Protein chains: 2
Amino acid sequence: MPEKSTAENVFQNLRSKGLRVTPQREKILQIFMELEEGTHLSAEDLFKVLSGKNENISLATTYRTLKLLSQFGYLRELDFAEGHKHYELNQDKKPHHHIICLNCNKTIEFEDDVIIQIGEKIALERGLELVDIQFKIYAVCPNEHDDESRTHRA
Amino acid sequence: MPEKSTAENVFQNLRSKGLRVTPQREKILQIFMELEEGTHLSAEDLFKVLSGKNENISLATTYRTLKLLSQFGYLRELDFAEGHKHYELNQDKKPHHHIICLNCNKTIEFEDDVIIQIGEKIALERGLELVDIQFKIYAVCPNEHDDESRTHRA
DNA sequence: TTTCGTGCAAACCATTTGCAGCAGC
DNA sequence: GCTGCTGCAAATGGTTTGCACGAAA
């Protein structure tokens with residue numbers, strides 16, 4: 001888990017592992033670093049962002065890079081109940097949590113230290129090396145409308 | 001959300017909604033009810049259990065029934081980071097939580113009232129109708145071995 | 001110059017769906 | 001008998017992979 005990884009730190013680390021720093025990897029990391037706090041992208045989302053910037057990065061490379069950066073702990077992999085994963089920058093050791101509305105399909109981020117503490121305590125008690133804590137609240141918001149964004153309810 | 005649903009309650013409810021009680025649905029619900037506390041099955045797992053009992057229920061029906069029972073709140077849908085969903089009986093209003101080992105791919109269940117309370121409080125504060133709370137700890141256990149059960153690390 | 005990474009297209013795997021026949025109610 | 005349910009096979013959607021070429025180190 002990196003403390004306060006700058007792009008340069010990330011790339012140093014990749015290089016030290018015999019991996020290469022390519023324009024594709026630089027660009028993808030940069031996009032996550034420029035993302036507004038709490039925003040997460042699916043592979044397809046990222047691919048569209050890249051295409052919008054006229055970056056001709058293939059979908060396969062998009063997937064490969066997301067996996068790579070997640071394995072190194074630079075991205076956090078999130079699964080909501082949607083059939084595809086989302087990724088966000090793993091900035092610090094204090095992950096935030098998500099409320100997922102099963103009606104309008106929006107997600108809301110929030111922080112709660114107590115939850116993190118409980119997770120840490122449980123891992124410690126059992127002698128496990130903590131990797132990530134995910135807390136999700138599935139709920140239905142008072143909005144009546146259904147938006148277009150794909151199947152929810154899963 | 002049913003309080004203490006017996007199979008008969010479930011079927012009454014289905015019938016009252018104009019849905020039908022078929023041998024396939026009965027069998028599948030029965031399997032979940034006989035499952036040891038804390039056990040969860042993927043669609044494929046369930047299909048294998050059915051086949052093992054010489055129940056010729058198609059995979060399509062297996063999926064359709066899992067979805068139906070989840071929509072009615074009788075099953076709880078779980079996603080670990082594995083690429084497929086798991087289902088467990090949704091017995092009470094106090095869901096348990098999961099520790100997922102990214103090394104050996106096992107899951108451990110545990111209960112924690114504080115987590116539930118926090119989730120309930122947050123939903124209440126925001127005026128949301130709570131559907132489910134999921135708390136997952138991803139960790140690596142001290143076991144050195146990797147077992148055969150499919151890709152972890154995701 | 002040696003690997004490693006990329007793009008492309010094909011493959012994969014979990015899940016969904018159209019359709020015709022069958023079966024609850 | 002009406003309508004919902006099932007099985008089958010084909011379709012879908014997200015993700016992975018084999019391969020040949022191109023490019024970091």
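Any value given below was found using the heavy atoms of this structure, including those in side chains, with hydrogens, waters and symmetry copies removed. Keep in mind the model is a prediction, meaning the values are calculated, not measured. Naming convention: chains lettered A, B, ... in sequence-line order (proteins, then strands); numbering from 1 in each chain.
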message = Check this for me, if you would: do B:Lys48 and B:Glu44 make a salt bridge, where the nitrogen-to-carboxylate-oxygen distance has to be below 4.0 angstrom?
response = no
query = Does a side-chain N or O from A:Tyr63 land closer than 4.0 Å to OP1 or OP2 of D:dT16, or not?
reply = no
task = Could you tell me the separation between the CD1 atom of B:Ile28 and the P atom of D:dC5, rounded to a whole number of Å?
result = 13 Å
ask   = Given that B:Leu19 and B:Ala43 both sit by DNA chain C, which one's nearest nucleotide is further toward the 5' end?
value = B:Ala43
message = I'd like to know if the side chain of B:Thr61 reaches the main chain of B:Ile57, judged simply by a donor and an acceptor atom lying under 3.5 Å from each other, with no hydrogens or angles considered.
response = no
query = How many Å lie between CG on B:Leu68 and C1' on C:dT16, as a whole number?
reply = 15 Å
ask   = When the distance from CD of B:Glu44 to P of C:dC12 is rounded to whole Å, what number comes out?
value = 16 Å
key: Angle between terminal axes - the helix from C:dT1-D:dA25 to C:dC25-D:dG1, 5 pairs each end, rounded to 10°   = 40°
message = Same cluster or not: A:Val114 versus A:Ile137, using hydrophobic residues (I, L, V, M, F, W, Y) connected whenever any side-chain heavy atoms lie under 4.5 Å apart?
response = yes
request  = Calculate the interatomic distance between A:His84 atom NE2 and C:dA14 atom P; express it in whole Å.
outcome  = 19 Å
key: Verdict with supporting geometry, B:Gln134 and B:Asp132, side chain to side chain donor-acceptor pair (under 3.5 Å)   = CA-CA 7 Å; B:Gln134 295 201 13; B:Asp132 192 16; 3.1 Å; yes
Partner residues of A:Phe80 under the ring pair (Phe, Tyr, Trp, His ring centres under 6.0 Å) criterion, sequence neighbours left out = A:His40, A:His86, A:His98
query = With the 4.5 Å side-chain cut-off for hydrophobic clustering, are A:Met33 and A:Leu66 part of the same group?
reply = yes
ask   = Tell me: NZ of A:Lys85 to P of D:dT16, nearest whole Å?
value = 6 Å
task = Mind calculating the distance between NZ (A:Lys48) and P (D:dG13) to the nearest angstrom?
result = 12 Å
Student check: side-chain heavy atoms of A:Ile108 and A:His96 closer than 4.5 Å = no
ask   = Residues two or more places apart in sequence or in another chain: which of them pass side chain to side chain donor-acceptor pair (under 3.5 Å) with A:Asp79?
value = B:Lys136
key: Distance (rounded to the nearest 0.5 Å) between B:Glu34 CD and B:Leu89 CG   = 11.0 Å
Main-chain N/O of A:Leu35 paired to A:Thr39 side chain as donor or acceptor, under 3.5 Å = no
inquiry  = What does the B/S/- profile of nucleotides 6-12 of chain D look like, 5' to 3', with a 4.0 Å heavy-atom cutoff to protein?
reply    = BBB----
Anything under 3.5 Å between a donor and an acceptor, one on a side chain of residues 17-28 of chain A, the other on a protein residue two or more places apart or in another chain? List them.
residue, atom, partner, partner atom, Å
A:Lys17, NZ, A:Asn13, OD1, 3.1
A:Thr22, OG1, A:Arg25, N, 3.2
A:Arg25, NH1, A:Arg20, O, 2.8

Length of the CZ-P vector between A:Phe47 and D:dG14, whole Å = 13 Å
task = Please state how far atom NZ in A:Lys67 lies from atom C1' in C:dT6, giving the value in whole angstrom units.
result = 16 Å
What protein N or O atoms touch nucleotides 1-3 of chain C N or O atoms at under 3.5 angstrom, if any, and at what distances?
residue, atom, partner, partner atom, Å
C:dT3, O2, A:Arg20, NH1, 2.5
C:dT3, O2, A:Arg20, NH2, 2.5

